[in-house]
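Below is one structure, written out as structure tokens; comments come after it.
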Amino acid sequence: MDLRRTRAENLALTMLTRDGIAAIWILHQSAARAYRDGHKMAAWAIIEIAEAAEREWLRRNAPVVIGDWRP
């Protein structure tokens, strides 16, 4: 793991590698459940991981742009 990454980013990368895009959905569901149950700080931490996973997913799967042409 890269030492320059945050703990949330490292967790997100691990989960993406293991579960693929489903990790993002699972994280959002878990955050919603934590919030609903009154665990607002836990929900915030889970959302931070989910957002890191989304950024990485988009980075990995961004369409290639050649000049002004987009697929």
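Throughout, numbering of the chain's residues begins at 1 and tracks the sequence. Every value quoted in this text rests on a predicted model; they were computed, and no experiment measured them. Any value given below was found using the heavy atoms of this structure, including those in side chains, with hydrogens, waters and symmetry copies removed.
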query: Given a cutoff of under 4.5 Å between side-chain heavy atoms of I, L, V, M, F, W and Y, with clusters grown through shared members, what are the other residues clustered with Ile24?
result: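 Members besides Ile24, by chain and number: Leu16, Ile21, Trp57.
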
Point-to-point distance, once rounded to the nearest 0.5 Å, from CD1 of Ile26 to CD1 of Ile46: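 One finds 12.0 Å between CD1 of Ile26 and CD1 of Ile46.
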
task: Output the distance between atom CD1 (Ile49) and atom CG (Leu13), rounded to the nearest 0.5 Å.
output: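 Spacing of CD1 (Ile49) from CG (Leu13) equals 11.5 Å.
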
task: Verify whether one side chain among His28 and Glu54 offers a donor that lies under 3.5 Å from an acceptor in the other.
output: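 Yes, because at least one side-chain N or O of His28 sits under 3.5 Å from a partner of the opposite role on Glu54.
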
- prompt: If every non-hydrogen atom of Ala12 is compared with every non-hydrogen atom of Ala53, which pair is closest and at what distance?
  reply: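 Distance-wise, the nearest heavy atoms are CB-N, 3.4 Å.
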
message: Could you report the tightest heavy-atom contact between Ala23 and Met15, atom names first, then the distance?
response: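 Distance-wise, the nearest heavy atoms are CB-O, 3.7 Å.
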
4.5 Å side-chain heavy-atom contact, Arg33 and His39: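 They are not in contact (no side-chain heavy atoms under 4.5 Å apart), so the answer is no.
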
- prompt: Can you name the residues that form a salt bridge (Lys or Arg N to Asp or Glu O under 4.0 Å) with Arg59, not counting sequence neighbours?
  reply: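 Partners of Arg59 by the salt bridge (Lys or Arg N to Asp or Glu O under 4.0 Å) criterion, ordered by chain and then number, come out as Glu56.
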
